[in-house]
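See structure below.
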Protein chains: 2
Amino acid sequence: MSNIREVAKRAGVSIATVSRAFTNPDKVSQSSLKKVMDAVDEVGYRPNMMARNFRSTKSYAVVVLVPDFANLFFSKVIRAIQETGQKHGYNILLGETRDSKEREADYLKLVETRQADGVIQLSPHIPEQELLPHPHISAVAACGACDTPYASVRMDHIAASFSIVNYLISMGHRKIGCISGLSDNPHSRDRLKGYKQALAKAGIDFDDSLLYEGNFTMQSGHDAGVYFAQLSQRPTAVFSMNDLMAVGAIKSFKEHNIRVPQDISITGFDDLDFATYTDPALTTIRQPAEEMGKKAMLLLLQILDGKPPTQQEFILKHEFVLRDSVVQFSG
Amino acid sequence: MSNIREVAKRAGVSIATVSRAFTNPDKVSQSSLKKVMDAVDEVGYRPNMMARNFRSTKSYAVVVLVPDFANLFFSKVIRAIQETGQKHGYNILLGETRDSKEREADYLKLVETRQADGVIQLSPHIPEQELLPHPHISAVAACGACDTPYASVRMDHIAASFSIVNYLISMGHRKIGCISGLSDNPHSRDRLKGYKQALAKAGIDFDDSLLYEGNFTMQSGHDAGVYFAQLSQRPTAVFSMNDLMAVGAIKSFKEHNIRVPQDISITGFDDLDFATYTDPALTTIRQPAEEMGKKAMLLLLQILDGKPPTQQEFILKHEFVLRDSVVQFSG
DNA sequence: TTGTAGGCGTTATCAA
DNA sequence: TTGATAACGCCTACAA
């Protein structure tokens, strides 16, 4: 592992010239440049980025705070973040929090200790327990539900769930079950609002017994399915707050010999890749995962560049995806 | 953003003492320690890890080279890597390669330029195009197929696929289709070997028309399903080289009104979370994802610590997972 | 166009 | 137990 000094000696020039040859080649004469590059090849020199970054007080790394790495939705977002970051010379440090504020604080420390320049927060914002914003931490929130006290990129979950529940109603359903995420999750709250608004608009009373609280996992969706299947007054359609739970619910409906969608319709949320491959294929809401990831990274880059964002909040459009899991109700 | 000098001044001690207070508290008197800590609180000091790492010539970061983020199998592995790394003070830099050697080289550069201390390679090893081992790069391979010229953690894919195809045969199947990954993928090769060995052992001739080359995606599994469905001599069972393709195939069988498993049995590989929730639940091979991730990280840590591993290769055990996608054939 | 030299924040060596 | 000081590798005024 050679350093710049060795290259300089070998090339018969000064350290400064070698440095310039890398960062500002046009400020170096052709002959010097050649001598330097030859020497570089000879000794196999690579600039020490740790030194360079240290010197420039920038780490060129960004931490992505993600609740659950094994959630395909986040995988997509992270991919977009990485691609965008890479184009601008930034690396991505993984920070899986698994909903632990302690772990989150640990990752935030990476910024405080200068191992990262900023943070992209993928967990939804819960004011009471939020560690961000932090005076010394550049941060952007993405994929959240409500607005945050710092820049964010998200979609309108109320409107999205409103539209899909509305669709269910337009298909003749009036007894519509709801599988929610944990009730204190902001996404759950917003999507529940949309559900209730759609019911209200159609003059349907909200029925507490049709609301089942899951936690966004397939398992909890399955549990919800069992619950609905055993209800004496079974719903004719179910609005699931994500695709994963919908899959679990479908599974348990089938186990109870309830046909989907003939006996019960169901909708999802997220439009994960496998939503096309479930049986039946899921009618769902597509979240613009890639767009959110990309936009979030660009926003953070801008902030790191010292330019405050023009808007605090960027709301991206969702998409209604029609497939086969909903059928006209004719009771 | 204050530095150690400021803390020293404030505490009325030397910078050396401040440094020791952090790295070697017991070498500092109680009174000095208190003075330092008070000063630290006052000015909100955080050690600059960039400087510290620079000084120690270690970045405490490790790059994980992963072909595809949106593959839940890798998500699990990476999670285990991160958890293990974190316990030892290491951070994880994400490196999604998407099978591009160019991108891979970019990430490897992170190690050459000292932004990372080592690499965990999750792509299977293909000797002709392999960038590793590299003289200056500490690396460990995980989840690969064949042996690598550097330390690796993997399972025996030949044995695993042998066992599951053997199970199919024991259930009376003799016409067994195979959905493989790309034929030049080492995993595909090994699993194909296991498939062929099981057939051979049962005295069944290998039939080329029963082999469909996919690429490990659901879409390609679906294509395979279409292919098998339209075959005049349809197989009675299908060995899919991963769960994802099995899901795709099941979908297309159903579209062709072929019942699974009554009309055709199928098996998967990986045992992803959703393998329980497919219809029918998948009989499959569980890869020890977490164990491989953890072991790989520990191995790399050991190498970074200057201790060469006791073995070059660690073969972890797979597990046969019996569920509902295979049924006795009684033709 | 080039070289000299100072400094980034930390740790480690060596004396005191 | 402490402090002064020399690195670590690089960049960048500044001067030549």
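For clarity, every value in this text was computed on a predicted model and none was experimentally measured.
For the pair Asp184(B) and Arg189(B), the tightest heavy-atom approach, listed with the atom from each and the gap, is O-NH2, 3.5 Å.
The stretch residues 40-55 of chain A touches DNA chain D through Tyr45(A), Pro47(A), Asn48(A), Ala51(A), Arg52(A), Phe54(A), Arg55(A), each having a heavy atom under 4.0 angstrom from the strand. Of all the residues in residues 16-33 of chain B, Ala16(B), Thr17(B), Arg20(B), Val28(B), Ser29(B), Ser32(B) reach under 4.0 Å from DNA chain D with at least one non-hydrogen atom.
Salt-bridge formation is detected for the pair Arg154(B)/Glu313(B): a Lys NZ or Arg NE/NH1/NH2 atom is positioned less than 4.0 Å from an Asp or Glu carboxylate oxygen. Using a cutoff of 4.0 Å between basic side-chain nitrogens and carboxylate oxygens, Asp68(B) and Arg79(A) are scored as salt-bridged.
A distance-only check finds a donor-acceptor pair linking the side chain of Gln121(A) to the backbone of Ser123(A) [under 3.5 Å]. With hydrogens and angles disregarded, no donor-acceptor distance shorter than 3.5 Å links the side chain of Glu104(A) to the backbone of Thr97(A).
At its two ends the helix from dT1(C)-dA16(D) to dA16(C)-dT1(D) runs along axes set 40° apart, each axis drawn from five pairs and the angle rounded to 10°.
Atom CD1 in Ile4(B) sits about 19 Å away from atom P in dA7(D), given to the nearest Å. Remark: P of dG3(D) and NZ of Lys9(B) are 15 Å apart, rounded to the nearest angstrom. If you take CG of Asn3(A) and P of dA7(D), they are 14 Å apart, rounded to a whole angstrom. Distance Ile15(A) CD1 to dA13(D) P: 17 Å, rounded to the nearest Å. When rounded to the nearest whole Å, the span between CZ of Arg5(B) and C1' of dG9(C) equals 7 Å.
Taking the salt bridge (charged side-chain N to carboxylate O under 4.0 Å, His left out) definition, one finds that Glu6(B) meets it with nothing, sequence neighbours left out. Residues meeting the ring pair (Phe, Tyr, Trp, His ring centres under 6.0 Å) test with His187(B), sequence neighbours left out: His157(B). In terms of the side chain to side chain contact (heavy atoms under 4.5 Å, CB included) criterion, residue partners of Gln129(A) (sequence neighbours excluded) are, by chain and number, Lys101(A), Ile126(A).
Heavy atoms of other residues, nucleotides or ligands lying less than 6.0 angstrom from NZ of Lys58(A) number more than 12. Atom NZ of Lys35(A) has more than 12 heavy atoms from other residues, nucleotides or ligands within 6.0 Å.
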Check against side-chain contact (heavy atoms from CB on, under 4.5 Å), Leu122(A) and Val77(A): CA-CA 9 Å; Leu122(A) 261 33; Val77(A) 179; 4.2 Å; yes

